[in-house]
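See below for the structure under consideration.
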Number of protein chains: 2
Amino acid sequence: MSTTQNARIRARGEVTAAIKDEARRQLAAEGAARLSLRAVARELGMVSSALYRYFPSRDALLTALIADAHDSLGEAAEAAQDAVAGEAPLRRWTAVCEAVRGWGLARPHEYALVHGSPVPGYTAPRSTAPAAARAPLVLIGVVRDAHRQGALVSPPLPAGLRAGGGRLAAGLAPDLPPETVVALVAAWAQLCGLVGFELSGQFGQFGQFQQVAEDRAPFFRHAVTGLAAGVGLLRESGRPAGTRALGGAGAQAGSPARRPT
Amino acid sequence: MSTTQNARIRARGEVTAAIKDEARRQLAAEGAARLSLRAVARELGMVSSALYRYFPSRDALLTALIADAHDSLGEAAEAAQDAVAGEAPLRRWTAVCEAVRGWGLARPHEYALVHGSPVPGYTAPRSTAPAAARAPLVLIGVVRDAHRQGALVSPPLPAGLRAGGGRLAAGLAPDLPPETVVALVAAWAQLCGLVGFELSGQFGQFGQFQQVAEDRAPFFRHAVTGLAAGVGLLRESGRPAGTRALGGAGAQAGSPARRPT
DNA sequence: GTCTATAACGAGATAGAC
DNA sequence: GTCTATCTCGTTATAGAC
C-alpha cells in the first residue's frame, strides 16, 4: 500500500523534474516569453494536456522555474559563505558576491529569469519572495557579523529616508542600524547591475575591455570591494574596505567613522 | 521635381516614424521577444510585405528601436546635466543619475530594451555602441570637470587590473586616471542595477519599503550619492561625497585622499 | 484516485498561390 | 496586395488505463 504510494510520489517527482529540466532547456533557447507548454510536452514525448496534471498553467510552470532559480542562487551564495565562514567579513562579502556572479555566468538564462526584465503578461506571485530573499540574506548575515564585531561604519541617513529606512530595517533586519540595511539593499541592486551588465555583454560597448575575460574577474572583485565600502564594511585592519581598492573608498563618514587614523 | 523628391522623403520619414511608434506600443504590450512585423503592419492598416520597404527585417526594426532608445536616454542625461551646468560636480552627478532613473520610469519597456535581458536570437550590431555610450559619457564629463578642479580622489587599482584598466581608460577617457575610469564603468553598471531593480519591482521583495513611492526617490538619491563616492567625487566642501549620505561613505582612501580634515 | 490520450475551442502566426 | 490553407499556442472536456 504505502509502497505503491511511495512509488507514485517518486514517479511524480521525476516527471515534474523532467518537465522543469526541459523547460529550462527551452528557456535558454527561446527565452521566457516564448516558453511553450506544448513544446515541452512534445520534447518529452507526452501530450500537452498531460502536463496539466503537474502544472495547472504555463504561468505556474514559470513560477516554479523562478522559485527554483532563486533557491539555486541562494544555495550558491550560502555555500560560498560557508566555505569561508571563519574569515574576515570583507573576505566573506567578496566570496558571496563572486558566487552570485559565478552562478549567473553559469546559468545566464535562469539569471535573466529572476533578475532580468519582467516577462510580459506574467507577474510573479507573492510566494516567491522568501526564495528571492535568500541570497541577499547571506550578505546581510555577513554584515551582521561585522556589526557585532564593531567592524562596521554606519553613516547616517538623510532626513527624507529615515522613516522609510526604519520600516525597511524593521522588516528585514531589526538588529541592524537602518542606515546599514538601506545601504545593503542598494548594494544588492548594484551587485545585480554589475552581473547583469556582464551577462548582457554591455561591457562590450566600452572599448576593448570587454572581451578579455581575464580583466572582468578582477574588475568585478574590485567593484564589489567598493560595494562593501558602500555598506561600511571595514577591512580586517580596521580601515575601510575600499582603502586600496575601488572607489567606495575615498569617503570617510562624517562623525561616526572617524575612528581609524 | 525636387519638390516631389522632398515630399517623397518626408512621406518616407513619416511612415518610418509611424512604424516605430507602433512597434514601441507593441513592445510595451508584448515584449521585445514577441515583436512581430505582421502585427505592426496590421495595426497600421498596411500589409506586412510593405514594411520591408522600410525595414529589411524584424531585427533591423529592433535595432532602430534600440538606437532610438539609447539616443533618447542620452538626450535626457545631457539635458539634465545642461540644466545644472554651473553647479558643483556632485550636484550634477545626482541630477544625471536621476534623469536616467526618470527616463526609465517613464519608458520602462524601452529601458528594458537597452538594459534588460538580451532578446533571444538577436544581437545588437556594433553600430549601436556610440549611441549606447552617450548617457555614460555625460557622467564621465561630470567627473572630468571634477578632476580638473582637483575635486577627485583616485584610489589605486589592484595589480591585476592595471593593464586592463589602462586599456579601458585609453579608449574611453585618456585624460582621466585609469582608476577613475574603471570606477566610472562600475558605477554605470551599478546605476543600471538600481534602476532595473526599481523597474522590475524587485524592491517589493524587501518588506514594506517597496510600494511607497515617496521612499524610493530619496533612496535612489541616497544610493547614487554613494555611487559618486565610489568614483571619488568629493562634495563641494572638499569632503567625500558620501559624508552625510549613503554608504560609499565610510571609506577614506589610504594615502592620496588624506587631504581633508 | 491518478494519470494519459483524444479531440476540440478560439486565437494568432506563417507560407504560398493567386 | 489579398486569400486561404496550414501551422502553433494555451486551455478545456471527455474517455479510458492503471
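Naming convention: chains lettered A, B, ... in sequence-line order (proteins, then strands); numbering from 1 in each chain. Below, each value reflects all heavy atoms present in this structure, side chains not excepted, and no hydrogens, waters or symmetry copies. Because the structure is predicted, anything quoted here is derived from the model rather than measured.
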In residues 19-27 of chain A, which ones come under 4.0 Å of DNA chain D, going by heavy atoms? none
[N] [atom2] sits how many Å from [X] [atom1], rounded?
| X | N | atom1 | atom2 | value |
| --- | --- | --- | --- | --- |
| A/Leu51 | D/dG10 | CG | P | 10 Å |
| A/Arg58 | D/dT8 | CZ | P | 18 Å |
| A/Glu43 | D/dT8 | CD | P | 13 Å |
| B/Leu37 | C/dA15 | CG | C1' | 15 Å |
| A/Glu30 | D/dT8 | CD | P | 13 Å |

Of all residues at least two apart in sequence or in a different chain, which pass the salt bridge (Lys or Arg N to Asp or Glu O under 4.0 Å) check with [X]?
| X | answer |
| --- | --- |
| B/Arg42 | none |
| B/Glu78 | B/Arg134 |
| A/Asp21 | A/Arg24 |
| B/Glu30 | none |

Contacts of A/Phe55 that satisfy ring pair (Phe, Tyr, Trp, His ring centres under 6.0 Å) - sequence neighbours left out: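 With neighbours one apart ignored, the set is empty.
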List in chain and number order the residues that pass ring pair (Phe, Tyr, Trp, His ring centres under 6.0 Å) with B/His115, two or more places apart in sequence or in another chain; answer none if no residue qualifies.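 Result, ring pair (Phe, Tyr, Trp, His ring centres under 6.0 Å) vs B/His115: B/Tyr111, B/Trp188.
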Give [X] one of three labels, base, sugar-phosphate or nothing, depending on what nucleic acid heavy atoms sit under 4.0 Å from its own.
| X | value |
| --- | --- |
| A/Leu35 | sugar-phosphate |
| A/Phe55 | nothing |
| A/Ser49 | base |

State whether A/Tyr52 places a side-chain N or O below 4.0 Å from either non-bridging phosphate oxygen (OP1 or OP2) of D/dT11. yes
Output one line per pair: protein atom, nucleotide atom from nucleotides 11-13 of chain C, and distance, for all N/O pairs under 3.5 Å.
from: C/dA13; atom 1: OP2; to: B/Arg42; atom 2: NH2; distance (Å): 2.5

Could you check A/Ser48 against A/Tyr54 and say which one's nearest nucleotide on DNA chain C is further toward the 5' end? A/Tyr54
Keeping to residues at least two apart or across chains, list the salt bridge (Lys or Arg N to Asp or Glu O under 4.0 Å) pairs with something in residues 112-122 of chain A. none
Listed once per pair and sorted, the salt bridge (Lys or Arg N to Asp or Glu O under 4.0 Å) pairs that draw on residues 188-198 of chain B, sequence neighbours left out: B/Arg101-B/Glu198, B/Glu198-B/Arg216
side-chain contact (heavy atoms from CB on, under 4.5 Å) with A/Tyr52: which residues, sequence neighbours excluded?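 A/Tyr52 satisfies side-chain contact (heavy atoms from CB on, under 4.5 Å) with A/Leu37 only.
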Taking the side chain as every heavy atom from C-beta outward, state whether A/Val195 and A/Leu105 have any atom pair closer than 4.5 Å.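 Of all side-chain heavy-atom pairs linking A/Leu105 with A/Val195, none is under 4.5 Å.
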Within the structure provided, determine whether A/Phe219 and B/Val185 are in side-chain contact (heavy-atom separation under 4.5 Å).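 Contact flag for A/Phe219/B/Val185 side chains = yes.
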If you restrict it to nitrogen or oxygen atoms, what contacts under 3.5 Å exist between nucleotides 15-18 of chain D and the protein, and what is each distance?
none

